[in-house]
2 protein chains.
Amino acid sequence: MVTDELDDRKKRILKAVIDDYIENREPVGSRTISKRSDMSFSPATIRNEMADLEEMGYLTQPHTSAGRIPSEKGYRYYVDQLLDLKERIGFEPTAEELSDVKLRVQREIGEMSDRIRVASELVSRLTDYTSIAISGSADGSLRIKALQIVPVEPGKALAVIVLEGDSVKNSVIQLDKSIGPETLMKISAQCSMLFAGHRVEEISLNMIESVSEASGVPRALVMPVVDGIFDCIRKAESPGVHTEGAARFLAHPEFSDVEKAKGILELLNREDLMADLITECSGSDGLVIRIGSENKIEGLNECSVVTATYSVNGVKLGTIGVLGPTRMDYPRVVAALEYVRRRLTGENELAAPPELPQITEMSEVKDGRGNS
Amino acid sequence: MVTDELDDRKKRILKAVIDDYIENREPVGSRTISKRSDMSFSPATIRNEMADLEEMGYLTQPHTSAGRIPSEKGYRYYVDQLLDLKERIGFEPTAEELSDVKLRVQREIGEMSDRIRVASELVSRLTDYTSIAISGSADGSLRIKALQIVPVEPGKALAVIVLEGDSVKNSVIQLDKSIGPETLMKISAQCSMLFAGHRVEEISLNMIESVSEASGVPRALVMPVVDGIFDCIRKAESPGVHTEGAARFLAHPEFSDVEKAKGILELLNREDLMADLITECSGSDGLVIRIGSENKIEGLNECSVVTATYSVNGVKLGTIGVLGPTRMDYPRVVAALEYVRRRLTGENELAAPPELPQITEMSEVKDGRGNS
DNA sequence: GTTAGCACTCGGCGTCGAAGAGTGCTAACA
DNA sequence: TGTTAGCACTCTTCGACGCCGAGTGCTAAC
């Protein structure tokens, strides 16, 4: 991991180019790099190095007489090897940046899914990119903590289940008017006994028999109730997708073309695609970065995705992703997600020295200091 | 209402101009109007009439040598007097337009708020404009149909309330670990007796005393539970706002300026503003049209809003609004909302001849036939 | 009251050329 | 051998210019 094909000077130049490009979104020329205070070579030297970097595939040129811009390979090397996460890992949002959201995250004691949604809003604001939150796990690995049937009116009841992470699902049940509240209570108690404590994926339809037998209520009457419970379970299995700050996409000049912007916004509305996009990355527990065409969704080739998955006691409770242009401020995004991770998992940000997220093992570049 | 300042020819010309402008979004000239099959005057005559209409404030000219475009006054006259709603009122979406959504609306037996949301999606697709759905009424006029406290785990419970329209609100409660399920049941039963059947607005905090007394549980222990119920009620009072098809805004050329589009999208994300916007119009039970600056939100001056409010047995359950450019296809939007109204309120669209929505009393223009 | 004709206005669009930024190459230098 | 100054070349950006067409208002004739 330490030995790679770039010598120290090339690394510094590559990092300088990418930093500059991320900031200004303009092809960066040799002169610009040369003028940086930490760069003591003439434009001509830089030019030679940049030509090399282009040949190696880290940089490209939009046209002959323009500066260089990073290629996907360049970005990948940047986030893997050059990104000085320590630059930003101590990142603490200002009071202004947090505004009321901080309080809401802290004081929120409700469902985990709510907290993740609120956190996603925070991330979007901190980074100025679009953020996508997924709560619950797509596989049915969450356990059911509680289950109850609530009588509403004759012929109508409500099935309620509470899952790990305190997320709540409910479903309105239409049933025979002859079923009284007492019968419902009996069924409810039976279902609760049978289902509570089990994982969502373990529940199967033939449990209807057991409920019917144990409660002494005819199968036909129990049916709609179990149906309602299954409806809840279906809802629990389809992860909640929440998109925050879609409008921020329009702020970035790479999407000033309305057609492009429209395409992106339409994709953002496709909950299924977004769920896939984010879930695909959530295998590991840490941060994952997908650059440009590394993510499989067509139309997102000019975008990067950074995701962070949050688990408590080994149970995945949600994932927050940031979606932005390939030319995104990776350090800031990583820092924001890391900050939020500490909040969500209850770690005090002042306690232990924060672990570096797994995406990267730092090479020994020491002098990469962020500009601005 | 029959006598107004425009003679028949002026009306026809005005309608023709607006119809054409709605379709092509280009200033329409006298020649264009003159060429229409139902218009038997020379361009010069039309020009004179158009000059009159401009003087009266119904039309404007972007610049000296361009055609005319409708002013807000012109649109207002159009929707009030010229719109031949019968053109479209028999509107029935094609199978393709409905796709799977129709089925979902029909078969949906769950919460009213879900059905309104789904209907809103349908409206957005049918019209190709952005649609905003509000479920529940902003005032607390809905009654509580059922209420229950569900024990989740030691120290944690869930408050659930079901409102008219079957919308469900819940809130996780943190409570003293010493409270067992039986105590909770007692409190739950008491709360249910006290609150069920009442309007949300009637519930007040001092009911905590009654609950405490009647259940024989100390005030301090009852407190968090009642708090949870109040949390539900708070949620019930703030109407659920759901925006659908925001990306469709970008399809309309008047928003091809990214700055404008961004402004609009940001407004769309402001749930409070959208709630106001839609609620403001929902006084009456029928359709309401707000043109351009008639709606008070700054930044929506170039937009129009059409809303339809849905009530069952006199209880307002939700409102669906369509937000689009001032130059919107009013007949289509009105027809789509009307179609959905019939669906949501359970009317069979083939039964009674559909009532015309209240917005308009037709003037006796008979020959206005839509083009294309 | 309606229409044909005509001069006039004004935005849209393509062309052209200057300006500027950046490159690659060569030759000189340490 | 690595670095740097100089220079010719390339390519985009941007404003100026001018033509074209659509549409108007006015006048005069029907």
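Nothing here was measured: the structure is a model prediction, and the numbers come from that model. Throughout, protein chains are lettered first and strands after them, A, B, ... in sequence-line order, and every chain is numbered starting at 1.
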**Prompt:** Pick the nucleotide of DNA chain C nearest each of Arg47(B) and Val28(A); which residue has the one closer to the 5' end?
**Reply:** Arg47(B)
**CZ on Arg125(B) to CG on Asp128(B), rounded to 0.5 Å** = 11.0 Å
**Asked** From dA4(C), dT24(D), dG11(C), pick the nucleotide closest to the side chain of Ser42(B)?
**Response** dA4(C)
**Fill in**
Gln61(A) CD to dT12(D) C1', in whole Å, measures 13 Å
**Item:** With Glu49(B), the salt bridge (charged side-chain N to carboxylate O under 4.0 Å, His left out) member among Lys10(B), Arg12(B), Lys11(B)
**Value:** Lys10(B)
**Asked** Atom CZ of Arg68(A) to atom C1' of dT23(C): distance rounded to whole Å?
**Response** 7 Å
**Message:** Whether the side chain of Glu54(B) engages the backbone of Arg68(B) through a donor-acceptor N/O pair (distance < 3.5 Å, no angle test) should be reported.
**Reply:** no
**Asked** Would you write out the dot-bracket form of DNA chain D, 5' to 3', with Watson-Crick and G-U pairs under 3.5 Å, [ ] for crossing pairs, | for pairs to other strands and . for unpaired bases?
**Response** ||||||||||||||||||||||||||||||
**Request:** Calculate the interatomic distance between Asn48(A) atom CG and dG6(D) atom P; express it in whole Å.
**Result:** 17 Å
**Request:** Would you mind checking if Arg76(A) and Asp80(A) are paired as a salt bridge, meaning a charged N to carboxylate O distance below 4.0 Å?
**Result:** yes
**Message:** Can you tell me if Ser65(A) touches the phosphate of dC9(D), counting only side-chain N or O atoms and a distance under 4.0 Å to OP1 or OP2?
**Reply:** no
**Request:** Under 4.0 Å between any heavy atoms, over every strand shown, what does Thr45(A) touch: base, sugar-phosphate, or nothing? Just pick one.
**Result:** base
**Item:** Nearest to side-chain heavy atoms of His63(B), which nucleotide of dG25(D), dC10(C), dT12(D)
**Value:** dC10(C)
**Below 4.0 Å: OP1/OP2 of dC11(D) and any side-chain N or O of Thr64(A)** = yes
**Request:** Provide, to the nearest angstrom, the distance between the NZ atom belonging to Lys35(A) and the P atom belonging to dG22(C).
**Result:** 8 Å
**Asked** Between dT2(C) atom C1' and Glu49(B) atom CD, what is the distance in whole Å?
**Response** 11 Å
**Message:** Between the side chains of Glu302(B) and Lys260(B), is the shortest nitrogen-to-carboxylate-oxygen separation below 4.0 Å, so that they form an ion pair?
**Reply:** yes
**Asked** Between dA21(C) atom C1' and Asn24(A) atom CG, what is the distance in whole Å?
**Response** 15 Å
**Prompt:** To the nearest Å, how far apart are Phe41(A) CZ and dG2(D) P?
**Reply:** 13 Å
**Asked** Are OP1 or OP2 of dA4(C) and a side-chain N or O of Arg31(B) less than 4.0 angstrom apart?
**Response** no
**Prompt:** Quick one: Lys10(A) NZ to dG2(D) P, roughly how many Å, whole number?
**Reply:** 11 Å
**Residue pair Glu72(B) / Ser293(B), side-chain donor-acceptor N/O under 3.5 Å** = yes
**Donor on one side chain, acceptor on other, Asn48(B) and Asp52(B), under 3.5 Å** = no
